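Okay, structure first, notes after.
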Protein chains: 2
Amino acid sequence: MSYSIGEVADKLAISPYTLRYYDKEGLLPFVDRNAAGRRRFKDNDFNFLEVIVCLKEAGVPVKQIGDFIDLCMTGDATLQARYDFLDDHEAKLEAKMARLQHTLDFLRWKKWYYKTALQAGTESIHYLPGTNQVDPAVHAEFNQLVANGASPEKLGTLN
Amino acid sequence: MSYSIGEVADKLAISPYTLRYYDKEGLLPFVDRNAAGRRRFKDNDFNFLEVIVCLKEAGVPVKQIGDFIDLCMTGDATLQARYDFLDDHEAKLEAKMARLQHTLDFLRWKKWYYKTALQAGTESIHYLPGTNQVDPAVHAEFNQLVANGASPEKLGTLN
DNA sequence: TGTTGACTTAGAGTTAACTCTAGATTATAT
DNA sequence: ATATAATCTAGAGTTAACTCTAAGTCAACA
């Protein structure tokens, strides 16, 4: 079986423009052309495409994805380099996910901050007496609740 | 205590250029100026700044962060809107982290693919006999190993 | 057999988020 | 007192990743 650029675009939920852009940037050297010069994707090409989509999602720049595809086209001499590339980006992705977990924790504490303000009808319950400045103890109070076993993803939930 | 733009930039590990850009985009309406027109950040401003940094990390566009800051400056009438904003972006971040987890799983399976190819000295051990196409059963084999209790983050590790 | 609609290329346009330059002012350190 | 460093604004420049336009080719259907 072979597929047109439009069919592939539909399957991957990305535009034909984007696929042509990737091709221009050297990400799709494996794609065949028919007699009229039109791209014909093979079943095996989806193995490459899912790697491209994965690396995109991982935040790898298009240019570097091109480097990886180059390695793939070169053959067995680059197996180690390809492994190292993936190993590197696995570590980067793990680091990013750890950062995002902290971001999520912060978002949940802020939701709790607003939930309690909402219940009081005013944000000023979190201020230091007689000021417009947030009492640093408020965050500590939230952390205390979490330390005592409360679920952070539930603490800030309304109702 | 008050802080110059350079001191704040150092603390947050972002450039003064970027802070001025954020100010231009309306993210820092709370920052005071001294007699010479220079920005003076207060201790309480760091509460706003850490929200800005958090939303940035969560992938919220600068313009939308500006909308949130506007709500903050308006007062208690916007408490619900601010809660809803954070709730929305919490959900989006959770969805993103789930996608990244799938991406990480894929990266690990590909590492295993190259680890085993490396041990064999050639990628062709994963091809269908007599072709240059990857055997779909290879991925199933990896999933089988994981289902049998192997750790995905260890399976693709060298040594 | 014509007429849609999908495809081709080259190249221009867009957007977000910086990042920097120029020219002026102000603060700090000998 | 003076040189160096930090700050200011307005506005220009950069980069990545698309996104689209124009002008033409090709395929499928009534």
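Note that these values count all heavy atoms, side chains included, but never hydrogens, waters or copies made by symmetry. Every chain is numbered from 1, with letters handed out A, B, ... down the list of sequences. Owing to the predicted nature of the structure, the values given are computational and were not obtained by experimental measurement.
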Report all side-chain donor-acceptor pairs from residues 133-141 of chain B shorter than 3.5 Å, counting only partners two or more places apart or in another chain.
from	atom 1	to	atom 2	distance (Å)
B:Asp135	OD1	B:Ala137	N	2.9
B:His139	ND1	B:Trp109	NE1	3.4

Can B:Arg108 and A:Glu94 be counted as an ion pair, charged N to O under 4.0 angstrom?
yes
Any side-chain N or O of A:Arg39 less than 4.0 Å from the OP1 or OP2 oxygen of C:dT8?
yes
Closer than 4.0 angstrom, basic N to acidic O: yes or no for B:Lys111 and A:Asp87?
yes
Output the rounded distance in Å from CG (B:Leu28) to P (D:dC8).
11 Å
Per-nucleotide protein contact string for nucleotides 14-30 of chain C, where B marks a base within reach and S marks sugar-phosphate only (heavy atoms under 4.0 Å, - for neither)
---BBBBB---BBS---
Electrostatic pair B:Lys115-A:Asp84, nearest N-O below 4.0 angstrom
no
What's the CD-P distance between A:Glu25 and C:dG11, to the nearest Å?
15 Å
Aromatic centroids of B:Tyr3 and B:Phe46 separated by under 6.0 Å
yes
Enter the distance from A:Leu55:CG to A:Glu50:CD here, rounded to the nearest 0.5 Å.
11.0 Å
With heavy atoms under 4.0 Å as the rule, sort A:Arg20 into base, sugar-phosphate or nothing.
base
Between P of C:dC7 and CG of A:Leu19, the distance in whole Å:
10 Å
Does D:dC8 have OP1 or OP2 under 4.0 Å away from a side-chain N or O of B:Arg40?
no
